[in-house]
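It should be emphasised that the depicted structure is a prediction, and the values quoted were computed from it without experimental measurement. Labels below follow one simple rule: chain letters A, B, ... track the order of the sequence lines, proteins then strands, and each chain is numbered from 1.
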Amino acid sequence: MTEDQPRDDHEAQPDGGHTHRSLTEGATTTSTLREFFTRDHLPPMESVQRWLLTTNHKDVGILYLVTSLFFLVFGGVLALLMRIELLTPVNSVLSATGYNQTVSIHGLIMIFWFLSPFAFGFANYVVPLQIGAKDLAFPRLNALSYWLYLFSGVLLGISFFQGGSFEGGWTMYAPLNVPSYMPNIGSTTTVLALLLFVISVTMSSVNFLTTLHRMRAKGLTLLRMPLFTWSILLTVWMMLFAFAALLAALLILSSDRILGTTYFTAEGTPGSLLWTHLFWFFGHPEVYIVFFPALGAMAETFQTFTGRRLVGRKWFILAMLLVALQSFLVWMHHMFLTSINLEIKTLFMATTIGISLPFDLMVFSLIYTMVKGRIRFTTPFLFTFGGLLVFIIGGITGVFLGAVVLDYQLRGTYWVVAHFHYVMVAGVTALIGALFYWYPKITGRMYNRRLGKATFGLFFVGFNLLYFPMFIAWETPRRVFDYPAGLTPWHQLATIGGFMLGVAFLLVIWNCYWSLWHGEKVEGNPWEYATTAEWAVPSPPPLENFPGVPSYDSGSLDFLDETPEASTDGGTAVAGDQTHESGDHHDSHASPWPFFIGVAALVFFLGLSGISTGGIYPALTIVGVVFGAVSLLGFGMESFSVTEPELGERWPFEGIENGKLGVWIFLASDVVLFGAFIGSYVFLRVGYGWTDWQLVPHDPIPGLINTYILLTSSFCIVLALVAAEKNSRWGLIAGLSTTLLLGVGFLVNKGIEWVELFHEGIWLSSNVQASTFFLTTGLHALHVILGLLILLFLIPRAINGAYLDDERPVEYFGLYWHFVDIVWLFLFPLFYII
Amino acid sequence: MSVTYGLTTRVATVNSHHIELLLQANGRTMNDVFSMLFGVFLILGTAVGIVVISYMVYNAYKYRETPDSEVAERERPQLGELPQGSGGGKKLAISLTISAVIVIALIAWAYIVLVDVEAGAPESEDPLEVQVEGIQFSWQYEYPNGHTTNTLRVPEDRPVTLILTSGDVFHTFGIPAYDLKADAIPGQTTETWFRPNETGTYEAQCFELCGSGHSAMESDVIVMEQEEFDQWYAETGSETNATTNNTTDGSATNNSTANDSTATTTENRLLDGPAPERQLAATTRQ
């Protein structure tokens, strides 16, 4: 990444003596590291260290973009392998399991490791700039999200070397996904890689939601937000809830694969239907999660390059909002061929058609925006225009699938393949447009214009040559390598198109690379009629983005002098100032811990994948746990300062601070997680026969005692908070310690109960009743253990006098602890009494 | 009936017969219904696509920047302005209404058709009931007399009800030539039916990724004349004959199990030949 303008962090580079190239050496002691990294300034962009340490949203955005493009190439190579195999209607190149792995991992990579993170590269880079924030609310958490994303992808890659990767399709239908049908360790690794990815997404969602709701510039009310930011806001809300359902599905699947629970193989109960419900409850919102950012990018580029404000802007926003809400009510349209009854089919047909109409509105809104415009066919506009065009075809062919009778026949065929590629890759096309649109902002240089336009031509022809023949050859069954010989010419055309599209993608990447050095230099804003705030600052923007406090109070963007409350530094700047003097800012921008936690997570999950097979795996798991614990401790102990802006729009969360909102949002996703677990239990129990179901614990008394223990502990944490507010150090310590003891008591009581059950021969894998009991209450126990670990972190600090001036950490912990107790109030009757 | 492929064939098969079906109140079967709906959707979808995309491309061309574009013709967006829209809500509302009417009308019509065919095989015609079990990687068919085979043999012009389940993982059973498809789910049963209307050998296939042998999870579907079928079916009553029959039909394996029940006359009752256009139907229901 080149730098055209001197940036403050370049000049202030006092630590030239450090020659550490890599920070992966676990041998370096914590204290040395802490000393090494306690500084305000980041290493320069040319340094590898910079990219391992940075917590700045722009750097993290670049990391996301580069990494996701790598996964695009990975997934693309798999796609081309499939296309080569499909040149002939018989099996030729890949083995049967090889083909199934190619199909499965292509889907997983493109949806999870390419498309969403690519969009979130832009979200990271652009959203804080558009809303007038210096960074995200929790910069270190953002870096952690990135590293977990990267290492989850590395884990996915490793799965190929463990006897073969996952081969059951990206939808991972049960019970094919359990070890009796798919025994490879690599399959378990794939599931765990996805699990790690979901953890990253959840943290990212919490971070973006807090940022978007709490850190907007003054005057930038929700309704006034730029459309790209709007699309990201709704995307992250959907992500928060949808991915929690996927998290539940993946936790249960991991448990079925590693611990031997029998959720998805449950005999006589609809275990495989349970998977389809859990998966599609996530899976359908996911479609909008990957498409919305592209839609936002389309809206931005259409406005800029037509020189017209969006037609029906409010309706556009309302349409997106409706889609986001309704996306959670359409999942069963993926299950029309299962045994669900006509009434449910009717309901879901109606919601499905309902959700297509807002998209009509959005498409018309974009088209009408061009009318009376001054349209400039730049590369970014060509790509978003082309993206909209193919999206229209994808949308029309989707209506076919909404008609149940047609869906009966079209399901499982290339009609579906062609339709969703027209939709998903329309999103990719628009995001490539976004890449060219923001490229000058990110790098300070213009891409090669002529090559960009030529690439679009190749891309568009390749796209349609690849996917349109699939509509014609729709009678090909999905995911097979031998198909009716009469369809061969269409598949051969598609293969040619596939290679053209592949070359076009490489040219896009080449253009970005070449232009880093050879592109013409760009000042702040190269685009006439661009309106959003990222174009009002230099390209690339300085470390803390703005030459003052951004505000829209006057009706348009101003940079105000920094008020004393906003920041302690006196450095002020006026609008248009090119070099922002960061002076003695107190905000931190570097931390090594996110990277280390990411490495620890990789080692831990890799160990877990084969833990039941012995060998090196148990050792890896232990190393992962230890290294993870040290890294988390380091993360917790590090002093990392972030200033919250004093001015700004925060509706509807004016009354609480960022940290508290973050905890609330996290708990909201945890509600969905437990909801999915409890829902799974109820689903299996109803399938089994509610009253025939044998409760696992013989005696509700230990459970009842635990209920009282938890309620008492909730009361104690309230007392601790009151003590902290009253500046009573010993009261605080007493409150926290009693909570800790009660929590330990809860676990001991539960342990005794479980040990007794084990002695009777009842274990996780005994039957479906035992599986649901141990796993659901086990997940709760894990939450308790996590709480106790936090307490073990809080208590020594409380003894040293912490939290008396600032009791917020105790308050946040209290929120979490109360939540864990409330969950128990649901679990106790469900698993012990009813 | 030869197995035909391709979109063009599908459109070409929309003919006056389907127009009659549109007006017919009942008696429609799945195969008809699919061809008819698919044809109409294709024609309308193509028309809508062409109109919308042409309008879009036309406007992009018409309002392209040219050297003589009037820059100050109207107010253009300014850097740093609070995001706002331009009017046009009315135009948008009209467009949305038109598209909503088209989509909702189409779907409502498709729904009426769905309810019509969802009722299952007409009991009055005494459908032949066959249990289908998907097992990695083959299909097993069990007849009412207990005969089990890997090749589905059915009589011509008599409704066949298939009751599907799976012995292991999630499969989807489909006979493309008859537009028939239903999931085969472990621990669950699904039901579908069709009316084979022309003798010949067709192919049944798995449509849900089910493991390494998924691509090859196929089986023959042989539609026989009624008398031929009756004869074959009567012979399946005894074990030896069952084996002979299965080896002659050319299916790869023969998993016939010993069975003690024999064909009853009711199962083999001849039916009146139904109207030729009433070909077949498929449905899944609880």
Side-chain angles (χ1 to χ4, degrees), chain A residues 96-97 169 173 175-176 181 224 226 268 270 272 307-313 315 337-339 341-342 353 357 360-361 364-365 367-368 370-371 373-376 389 392-393 396 399-400 403-406 408-409 412 472 475 477 479-482 484 486-487 529-531 535-536 552 556-557, chain B residues 5-7 33-34 37-38 41 45 48-49 52-53 56 59-60 63-65 69 76-86 88-89 91-92 95-96 99-100 103 107 110 113-114 118 169-170 172 176 179 181-183 185-188 190 205 207-212 214-215 284-286:
Chain A
T97 50
Y173 267 24
L176 182 63
Y181 299 107
R224 292 293 195 185
S272 59
R308 287 257 290 147
R309 300 181 187 98
L310 195 72
V311 168
R313 185 177 190 274
W315 294 105
L337 282 180
T338 62
S339 47
N341 62 33
L342 183 61
I353 295 311
L357 296 176
D360 292 0
L361 188 143
F364 285 124
S365 162
I367 294 177
Y368 292 150
M370 295 192 301
V371 175
R374 220 182 122 222
I375 303 173
R376 285 141 297 144
L389 201 154
I392 292 171
I393 299 174
I396 290 172
V399 174
F400 285 59
V404 181
V405 180
L406 294 184
Y408 282 170
Q409 266 55 247
I472 300 171
E475 279 162 313
R479 296 159 166 170
V480 301
F481 45 74
D482 55 353
L487 300 174
Y529 306 137
T531 62
W535 300 109
Y552 283 92
S556 65
L557 181 63
Chain B
Y5 291 102
L7 208 64
V33 153
F34 178 73
L37 281 182
F38 192 61
F41 269 63
V48 169
V52 174
I53 290 174
M56 176 180 165
N59 277 307
Y63 296 104
R64 73 195 184 282
E65 183 186 43
S69 307
R76 299 287 176 194
Q78 304 288 316
L79 180 61
E81 69 179 20
L82 259 179
Q84 52 189 297
S86 15
K91 204 171 163 186
L92 212 51
S95 313
L96 179 67
S99 69
V103 169
I107 295 292
V113 171
L114 171 73
E118 192 88 338
V169 303
F170 204 118
T172 300
D179 289 333
K181 209 170 281 164
D183 286 341
I185 307 167
Q188 297 269 296
T190 48
Q205 204 166 355
F207 281 84
E208 183 60 62
L209 184 54
C210 61
S212 59
H214 169 62
S215 287
T284 55
R285 59 192 165 98
Q286 190 77 324

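In this structure, the portions of B/Ser95 lying under 4.5 Å from any heavy atom of chain A include both its backbone and its side chain. The contact between B/Ile53 and chain A is made entirely by side chain atoms (from C-beta outward), counting heavy-atom distances below 4.5 Å. Residue contact with chain A, scored on non-hydrogen atoms closer than 4.5 Å, involves the side chain of B/Glu208 exclusively. Interface residue A/Phe481: backbone and side-chain heavy atoms are both found under 4.5 Å from chain B. Of the two parts of A/Ile353, only the side chain, counted from C-beta on, holds a non-hydrogen atom closer than 4.5 Å to a non-hydrogen atom of chain B. A/Phe400 touches chain B through backbone and side chain together, each having a heavy atom under 4.5 Å away. For chain B, the nearby part of A/Tyr368 is the side chain; its heavy atoms alone come within less than 4.5 Å. Within the 4.5 angstrom heavy-atom criterion, atoms from both the backbone and the side chain of A/Leu176 approach chain B. Heavy-atom distances place the side chain of A/Trp315, and not its backbone, under 4.5 Å from chain B.
Between B/His214 and A/Val480, some side-chain heavy-atom pair lies under the 4.5 Å cut-off. When side chains are defined from C-beta on, B/Phe34 counts as touching A/Gln409, because their heavy atoms get closer than 4.5 Å. The shortest distance between side-chain heavy atoms of A/Arg309 and B/Pro77 falls below 4.5 Å. A 4.5 Å side-chain heavy-atom check between B/Asp183 and A/Thr338 finds at least one atom pair inside the cut-off. In this structure the side chain of B/Asp179 never reaches within 4.5 angstrom of the side chain of A/Tyr408, judged on heavy atoms.
Annotation for A/Arg313 and B/Gln84: closest pair CD-C, 3.4 Å, computed over non-hydrogen atoms. Scanning both residues, A/Arg479 and B/Leu209, for their nearest heavy atoms gives CD-CB, 3.8 Å. The two residues A/Ser272 and B/Ile185 come nearest to each other via the heavy atoms OG-CG2, 3.0 Å. The heavy-atom pair separating A/Val399 from B/Phe41 by the smallest distance is O-CE2, 4.0 Å.
Annotation: maximal heavy-atom pairing with chain B below 4.5 Å, among A/Leu361, A/Thr97, A/Leu406, occurs at A/Leu406. Chosen from B/Asn59, B/Ile107, B/Leu96, the residue pairing most often with chain A at heavy-atom distances under 4.5 Å is B/Ile107. No other option in B/Gly88, B/Cys210, B/Ser86 has as many heavy-atom pairs under 4.5 Å with chain A as B/Ser86. No other option in B/Ser212, B/Pro83, B/Gly211 has as many heavy-atom pairs under 4.5 Å with chain A as B/Pro83. When each of A/Gly169, A/Ala96, A/Ser365, A/Pro477 is scored by its heavy-atom pairs under 4.5 Å with chain B, the top score falls to A/Pro477. Ranked by heavy-atom pairs under 4.5 Å with chain A, the list B/Leu37, B/Leu114, B/Leu82 is led by B/Leu82. Residue with the most contacts toward chain B among A/Leu557, A/Thr531, A/Val405, A/Ile367: A/Thr531 (heavy-atom pairs, distance under 4.5 Å).
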Inset, instruction - Mind running side chain to side chain contact (heavy atoms under 4.5 Å, CB included) on A/Leu389 and B/Met56 for me, showing each step along the way? - result: CA-CA 8 Å; A/Leu389 201 154; B/Met56 176 180 165; 4.0 Å; yes

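Looking at B/Arg64, its side chain never comes within 3.5 Å of a backbone N or O of A/Ile375 through a donor-acceptor pair.
Atoms CD and CZ, on B/Glu65 and A/Arg376 in that order, are 6.0 Å from each other to the nearest 0.5 Å.
Under the rule for a side-chain contact (heavy atoms from CB on, under 4.5 Å), the partners of B/Gln78 that lie at least two apart in sequence or sit in another chain are B/Glu81.
For the pairing with B/Val52, the side chain to side chain contact (heavy atoms under 4.5 Å, CB included) check across A/Ile392, A/Asp360, A/Ile396 returns one residue only, A/Ile392.
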